[in-house]
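This report refers to the structure that appears directly beneath it.
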Number of protein chains: 2
Amino acid sequence: MKQFTKHTVKNSLKRIFLYRACLTRLKLLGVEKVYSYTLSDETGVTSDQVRKDFSEFGITGNKRGGYDVDELIDKMEKIFHRNKDHNLVLIGMGNLGTSLSRLKEIIDRFRVKVAIIAVPEISAQEVTDELIQSGIKGIINFAPVLLKTPADVIVNNVNLCDELESVIYYVHNQMKSEGTKNLDLLYRGTKY
Amino acid sequence: MKQFTKHTVKNSLKRIFLYRACLTRLKLLGVEKVYSYTLSDETGVTSDQVRKDFSEFGITGNKRGGYDVDELIDKMEKIFHRNKDHNLVLIGMGNLGTSLSRLKEIIDRFRVKVAIIAVPEISAQEVTDELIQSGIKGIINFAPVLLKTPADVIVNNVNLCDELESVIYYVHNQMKSEGTKNLDLLYRGTKY
DNA sequence: TGTGTTTTGTGAATTGTTTCACATTATATC
DNA sequence: GATATAATGTGAAACAATTCACAAAACACA
Ligand SMILES: NC(=O)c1ccc[n+]([C@@H]2O[C@H](COP(=O)([O-])OP(=O)(O)OC[C@H]3O[C@@H](n4cnc5c(N)ncnc54)[C@H](O)[C@@H]3O)[C@@H](O)[C@H]2O)c1
Ligand SMILES: NC(=O)c1ccc[n+]([C@@H]2O[C@H](COP(=O)([O-])OP(=O)(O)OC[C@H]3O[C@@H](n4cnc5c(N)ncnc54)[C@H](O)[C@@H]3O)[C@@H](O)[C@H]2O)c1
């Protein structure tokens, strides 16, 4: 396993989410073993890329035998630090805060040490400042503002307007279909 | 202005969102003119990158004079096709659907031709199939499932679990502070 | 009007990511 | 067990994105 480079990990990490989503679905369907091309078919990521990503995270399979679904899921859980103990804070139990329907599940299953900000725009920075005082190092921000934080704090913004406008942009500049390729912000489906 | 390449546009487009967020804030504060380094300070993107991005989208400023805030915002509106007429559909007026607090504003201001899916996981594919039958080419999907769509349909997934786990990952693998750099999925703050 | 300074805009160099190509290994079959 | 086959895993090549470096333009001020 190579030394992680920030960029490589960032891209492959996002794909790992995708692989896992497929794997849990496949597991429910009773599938026990997958090949790189299985995941390729399901996600649209090339099988080369699947293997390269696995290699990146030190995930190995069996030559000729493919990968064991349970084992893969397990290794991914470890990547996401599901097995460690953390704390989570949700600030703002308004419409959005209460709508996070799977939150309890998330808290129970993943137990993280980050904060979710779902307060009105105007209070977001103030709340952030308090959180940082109390040692929070990771924030998911639903308020449509750019939070000021020290450099060691990770902020992940979820902004519906931006998501929407991305889609508009792509729909309008109808970039011709090339199969499922760009999984970064957007992706295109394949099979139908 | 160069011919758009898919990748270049994708990355720079995301940064354009960021610039615009800053610009509208700066405008409120009465700022009328910005330089590439102003936006760099505000967003953490290098000033080189800011200019390169602008160049990519055919946005030009004044040598020595910087950029006019109003003009920049206006050009960005055009990039996002705010000035065109469209239709928008929201499917699922449950907790999440009703929590999209700025939705009316979005519909009024942006008028798009995409669908927002906020129905339970189990119904998401079925709803998607119907939407595609009726000609929808862009979807924002809040259900935590990978939708199957034809290759010419743009899908943008918003998945809280994934966002959360990204943050956990980065907090854990405490990638040492290098200022605000990665704006892709995550970004780090600068000033405090 | 000329000179110095600041800032843009963009090719070139560098750095990062994906794809290719193939050696390696596991399994199935005879 | 020998052979054919199917899959992984990974350097090397190709491609894409970012950073560098600097020419060109605009402005300030004498
Ligand atoms: N990014 C997105 O996709 C998206 C979607 C919907 C809403 N939003 C944003 O999420 C935020 C919340 O939206 P909402 O509809 O739930 O709003 P809301 O007004 O229904 O709820 C806000 C809640 O925050 C609480 N609050 C206010 N100030 C607080 C403080 N200083 N500390 C703790 N709690 C505080 C309020 O009591 C309230 O319960 C808003 O900023 C909204 O713009 C974002
Ligand atoms: N991705 C995220 O960040 C995030 C956050 C919260 C919730 N969610 C997801 O968003 C979805 C909605 O969450 P929610 O809390 O609002 O759920 P909800 O149960 O409160 O609301 C679902 C709504 O969809 C409607 N619906 C069901 N089937 C439909 C159909 N075939 N056509 C039209 N409408 C239909 C229901 O009547 C209901 O009003 C879920 O899939 C949930 O997992 C995602």
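Residue numbers start from 1 in every chain, and the chains themselves are labelled A, B, ... in the order their sequence lines are given, proteins ahead of strands.
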Here the distance between atom P of C:dT25 and atom CG of A:N62, to the nearest Å, is 13 Å
So that I can tick it off, tell me whether B:D70 and B:K27 are bridged by a salt bridge, with the cut-off set at under 4.0 angstrom between side-chain N and carboxylate O.
yes
Taken to the nearest whole Å, CD/A:E56 to C1'/C:dT19 is 15 Å
A:Q49 CD to D:dG9 C1', in whole Å, measures 14 Å
Students often mix this up, so state it plainly: with edges at 30° and 60°, are the rings of A:F54 and A:Y67 parallel, tilted or perpendicular? perpendicular
Separation of D:dA23 atom P from B:D48 atom CG, nearest Å, is 16 Å
Rounded to whole Å, the CD1-P distance (A:I59 to D:dT10) equals 13 Å
- prompt: Does the pair B:E71/B:K33 count as a salt bridge with the N-to-O cut at 4.0 Å?
  reply: no
Here the distance between atom C1' of D:dT8 and atom NZ of A:K63, to the nearest Å, is 5 Å
Computed from five pairs at either end and rounded to 10 degrees, the angle between the axes of the helix from C:dT1-D:dA30 to C:dC30-D:dG1 is 10°
Sugar-phosphate only, base, or nothing, as touched by A:G65 at under 4.0 Å among non-hydrogen atoms
nothing
Quiz item: So, are B:D48 and B:K52 salt-bridged, with charged N and O less than 4.0 Å apart?
Solution: no
- Message: Any base atoms under 4.0 Å from B:S47, or only sugar-phosphate, or nothing? Heavy atoms, all strands.
- Response: nothing
### Query
Any side-chain N or O of B:R15 less than 4.0 Å from the OP1 or OP2 oxygen of D:dT18?
yes
Inspect the contact between A:D162 and B:R20 and indicate whether a charged nitrogen and a carboxylate oxygen are less than 4.0 angstrom apart. yes
Margin query: What I want to check is whether the side chains of B:D129 and B:Q133 have a donor and an acceptor closer together than 3.5 Å.
Written below: no
Ranking A:S36 and A:R64 by the position along DNA chain D of their nearest nucleotide, the one closer to 5' is A:R64
